Novice: 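Just dropping this structure here.
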There are 2 protein chains.
Amino acid sequence: MASPVKTKKELILEVSLKLFSEKGYNPTSVRDIAKEVGITQSGLYNHFKGKDAILEALIADLMTSAVVKLFENKSIEELAKKGKSILFSIATTFKLISFDKKNEALFKLLMQELYKNSTIRDIYNEHFYQANVKKLSSIFFIMMQDETIKHADPLFLAHEFFSPLFFYQMQVNLLKIDKKSNSSMVTLFEKHVDSFWENNKVTKEDSFFE
Amino acid sequence: MASPVKTKKELILEVSLKLFSEKGYNPTSVRDIAKEVGITQSGLYNHFKGKDAILEALIADLMTSAVVKLFENKSIEELAKKGKSILFSIATTFKLISFDKKNEALFKLLMQELYKNSTIRDIYNEHFYQANVKKLSSIFFIMMQDETIKHADPLFLAHEFFSPLFFYQMQVNLLKIDKKSNSSMVTLFEKHVDSFWENNKVTKEDSFFE
DNA sequence: CAATTATATGAACATCTGTTCTTTATAATT
DNA sequence: AATTATAAAGAACAGATGTTCATATAATTG
């Protein structure tokens, strides 16, 4: 952390993210936020131009999500060499979202506003989904050249790898809202990696007949 | 159709579903609905007790979704015998959602209110997801006994089969909102079935060493 | 035809919303 | 210490919302 002391502006953002992720952007009133921050509604306007501005700041925060930073700073070749373990670490990142308050709230905010807010939709599509799919697709391509995984359409494989992760995460979200047990859902992240790898890794027979 | 003439009540539901699925329940005002129906806001109250009642009626309509009626009336054994083609027909049902106005609207309504409305969440969880997963799981179990597919955890397989279908459908929704091309996304439904079947069907070698 | 029910209207309502304004208190800077 | 910027409060606003009410018209029924 740059500054251990939380500014009021940061507090407002924190509270807003919490409320937006719980009730959605529109149903959360400026009064709700102010009350939880501990000031009056009008006081908010000393820190933000308006409710929109708060959302805008949080939208920018979406880029700090663990999902956006999945492959941060690492080269494709480097990652491809890791084999199954890179897939495992991706799945773990998704799984851990629900154990980290901020990441969970960001993901819930994203999901709730996806159909309503075109900016959020753009960020989701570009940085949460497409960027990751493309990067993983490149990794798969190298793995195929290295005979680590079987030859197939790498882009399709990337879609197939990511889609259950997003979906399972959403499911965990929903179960948590109703305080239902989500433990069996959480185990799916790892099982997904295992079965995905079993289905796509090069087996002895495959390389023998190559 | 029972009656070819649309009653005003049906028209209100139709318009409301359209608007709710586009803008969400809360952001859609009673005035919006009335205007598109062609009456004044107060006139709506001769047909429905309130805005809530309209949503309630539409929630009941969710049960008519193609996703809920996936396995309607057919026995597990019968379906298991169909092999790959049952999976194909499931995937096709999902794919066709975006080509049928009402089904598409119901799915969008569902997705938009999932985080906000606990009744919708219950229906989704029970009838859209769990019921289908369990039924498919039973089908997989029989397929395993029949040596049609490889032995594995049938419940996990069902999760892995369904999750991309839901996710791809959501993706198609989102792309359509922004009028972006979704053709490459739509092809994933069939590819998913193909690869799923290739990964799980019993091959010659499997049965040979049995 | 008369009576009743169903449907429509327009005005009004209370409530909630985001925002602005003026004024007061606090903190930072000179 | 004086000045200036920052943050807070409280009241008020204009607009939108769901709903109600009294009333008028149309449709149905006896």
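Since the structure is predicted, the reported quantities are computational estimates derived from the model, not experimental observations. Any value given below was found using the heavy atoms of this structure, including those in side chains, with hydrogens, waters and symmetry copies removed. Chain letters run A, B, ... following the sequence lines, proteins first, then strands; residues in each count from 1.
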Novice: What is the separation between atom CZ on B:Phe48 and atom P on C:dA6, rounded to the nearest whole Å?
Specialist: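 Rounded to whole Å, this separation is 16 Å.
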Novice: I need the CG-P distance between A:Asp32 and C:dT15, as an integer number of Å.
Specialist: 18 Å
Novice: When you match A:Gln41 and A:His47 each to their closest nucleotide on DNA chain D, which lands nearer the 5' end?
Specialist: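 So the residue in question is A:His47.
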Novice: Under 4.0 Å, counting only non-hydrogen atoms across every strand here, what does B:Ser42 touch: a base, just sugar-phosphate, or nothing?
Specialist: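 Base contact - B:Ser42 has a heavy atom under 4.0 Å of at least one base atom.
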Novice: If I take atom CG in residue A:Asn26 and atom P in nucleotide D:dG18, what distance separates them, rounded to the nearest angstrom?
Specialist: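 Result: 12 Å.
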Novice: Starting from P on C:dT17, measure out to CG on A:Leu19 and report it in whole angstrom.
Specialist: 12 Å
Novice: Tell me which nucleotide, if any, is Watson-Crick or G-U wobble paired with D:dA5 when both distances must be under 3.5 Å.
Specialist: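 Check on D:dA5: paired to C:dT26, both distances under 3.5 Å.
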Novice: Side-chain donor-acceptor pair under 3.5 Å between A:Thr64 and A:Asp61, yes or no?
Specialist: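 On atom types as modelled, these side chains do not qualify, holding no pair under 3.5 Å.
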Novice: Tell me: CG of B:Asp52 to C1' of D:dT17, nearest whole Å?
Specialist: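 B:Asp52 atom CG is separated from D:dT17 atom C1' by 13 Å.
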Novice: Roughly, in whole Å, what's the span from CD1 in B:Ile33 to P in D:dT19?
Specialist: 10 Å
Novice: Between A:Lys49 and C:dG18, does any side-chain N or O lie under 4.0 Å from OP1 or OP2?
Specialist: no
Novice: What I'd like to find out is whether the side chain of B:Ile39 reaches to under 4.5 Å of the side chain of B:Asn46, using heavy atoms alone.
Specialist: no
Novice: Mind checking whether A:Phe167 and B:Tyr129 have parallel, tilted or perpendicular rings, split at 30° and 60°?
Specialist: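 Tilted, since the angle between the ring planes falls between 30° and 60°.
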Novice: Under a 3.5 Å threshold, yes or no: a donor from one side chain and an acceptor from the other, between B:Tyr168 and B:Asn182?
Specialist: no
Novice: Heavy-atom count check: over 12 atoms from other residues, nucleotides or ligands less than 6.0 Å from A:Phe88 CZ?
Specialist: no
Novice: Whole angstrom is fine here: how far is it from CZ in A:Arg31 over to C1' in D:dC13?
Specialist: 11 Å
Novice: Between C:dA8, D:dT20, C:dT20, which one does the side chain of A:Tyr45 approach most closely?
Specialist: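 Out of C:dA8, D:dT20, C:dT20, the nucleotide with an atom closest to A:Tyr45's side chain is C:dT20.
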Novice: Of the options D:dT19, C:dT19, D:dA8, whose atoms approach the side-chain atoms of A:Lys51 most closely?
Specialist: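 Selected nucleotide: C:dT19.
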Novice: As a test of reading the structure: which of C:dA8, D:dA7, D:dA9 is closest to the side chain of B:Asn46, going by heavy atoms?
Specialist: C:dA8
Novice: Rounded to whole Å, how long is the line connecting atom NZ of A:Lys35 with atom P of C:dC16?
Specialist: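 Interatomic distance, NZ of A:Lys35 to P of C:dC16: 11 Å.
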Novice: Could you tell me whether B:Gly43 contacts a base, only the sugar-phosphate backbone, or nothing, with contacts defined as non-hydrogen atoms closer than 4.0 Å?
Specialist: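 B:Gly43: base contact, heavy atoms under 4.0 Å.
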